[in-house]
Amino acid sequence: GAGVSQSPSNKVTEKGKDVELRCDPISGHTALYWYRQSLGQGLEFLIYFQGNSAPDKSGLPSDRFSAERTGGSVSTLTIQRTQQEDSAVYLCASSLALSVSYNEQFFGPGTRLTVL
Amino acid sequence: TQLLEQSPQFLSIQEGENLTVYCNSSSVFSSLQWYRQEPGEGPVLLVTVVTGGEVKKLKRLTFQFGDARKDSSLHITAAQPGDTGLYLCAGAGDYKLSFGAGTTVTVRA
């Protein structure tokens with residue numbers, strides 16, 4: 001079956017531009033997560049959705065970052081006025097339900113963002 | 001600051017050798033997970049350990065969760081080139097995973 005897909009796979013943008021990253025989770029998965037992976041670092045948790053609701057946005061690095069999820073399915077992560085330090089791989093994951101210990105998170109291949 | 005510290009950061013060994021990767025934290029987690037990530041792909045879950053002192057074996061891979069549920073280790077016996085990749089540990093909280101920085105393992109043929 002289809003896994004988690006993300007688009008675009010690569011995005012090069014100029015400093016100050018806005019970018020929108022898309023995640024298509026596995027059908028039927030109610031929980032969706034966004035992470036950021038910088039070179040040489042592990043994954044940094046950004047935000048999670050239960051259905052269309054994001055109860056905790058404290059993991060977002062700054063107010064330039066926002067995310068939404070519609071129809072309990074597709075999610076978009078938007079970065080406004082991009083900075084060079086935003087360059088990273090942005091990973092999306094989905095799971096059947098929210099409990100992370102008992103519900104495997106399936107990751108997409110990521111979007112590699114490069115801000116020039 | 002990483003909640004979970006992994007060591008070593010890099011490991012290069014010859015095919016057939018054994019290796020161990022460590023994951024340590026000052027925090028207690030309800031469970032700990034190990035992932036393997038290959039270039040251009042997302043991490044893939046290898047195992048979840050839940051009980052303190054638990055040992056799980058998957059073929060040549062052995063995972064151990066510390067008694068206090070703060071640390072874990074991954075041991076690979078007779079490593080093969082196909083074991084090459086980035087190994088990540090992650091501690092589970094209520095709704096999110098906290099990842100270590102990862103150990104890059106290279107197995108030379």
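Chain identifiers are assigned alphabetically (A, B, ...) following the order of the sequence lines, protein sequences preceding nucleic acid strands; residue numbering begins at 1 within each chain.
Residue contact with chain A, scored on non-hydrogen atoms closer than 4.5 Å, involves the side chain of B:L86 exclusively. Heavy atoms of A:N103 lying under 4.5 Å from chain B are absent altogether. Looking at B:Y35, the atoms closer than 4.5 Å to chain A (heavy atoms on both sides) all sit in the side chain, from C-beta outward. Using a 4.5 Å cut-off between heavy atoms, A:Q37 touches chain B through its side chain atoms alone. Residue contact with chain A, scored on non-hydrogen atoms closer than 4.5 Å, is absent for B:Q6. Contacts between A:Y35 and chain B at a heavy-atom distance below 4.5 Å involve the side chain alone, from C-beta outward.
In this structure the side chain of A:Y33 never reaches within 4.5 angstrom of the side chain of B:L97, judged on heavy atoms. Counting heavy atoms from C-beta outward, A:Q105 and B:Q33 have side chains that stay 4.5 Å or more apart.
Both B:L61 and B:L19 sit in one connected hydrophobic cluster of ILVMFWY residues. Membership requires side-chain heavy atoms under 4.5 Å apart, directly or through other members. Both B:L11 and B:L4 sit in one connected hydrophobic cluster of ILVMFWY residues. Membership requires side-chain heavy atoms under 4.5 Å apart, directly or through other members. Hydrophobic clustering keeps A:Y90 apart from A:V4 (ILVMFWY residues linked when any side-chain heavy atoms are closer than 4.5 Å, directly or through intermediates). B:L74 and B:I13 fall within the same hydrophobic cluster, where Ile, Leu, Val, Met, Phe, Trp and Tyr residues are linked whenever their side-chain heavy atoms come under 4.5 Å apart, directly or through other members. A:L46 and A:F106 fall into different hydrophobic clusters, where Ile, Leu, Val, Met, Phe, Trp and Tyr residues are linked whenever their side-chain heavy atoms come under 4.5 Å apart, directly or through other members.
Other residues, nucleotides and ligands contribute over 12 non-hydrogen atoms within 6.0 Å of the CZ atom of A:F65. Atom CG of B:L58 has more than 12 neighbouring heavy atoms from other residues, nucleotides or ligands inside a 6.0 Å radius. For B:Q14, the CD atom sits in a packed shell: over 12 heavy atoms of surrounding residues, nucleotides or ligands are nearer than 6.0 Å.
A:L91 and B:P43 get closest at one heavy-atom pair: CD1-CD, 4.2 Å. Here the shortest heavy-atom pairing between B:A92 and A:V100 reads CB-CG2, 3.5 Å.
Note that the CD1 atom of A:I47 and the NZ atom of B:K96 stand 11.5 Å from one another [nearest 0.5 Å].
Close approach to chain A, defined as a heavy atom under 4.5 Å from one of its heavy atoms, is seen in B:L45, B:T48, B:V50 of residues 44-52 of chain B, taken by number.
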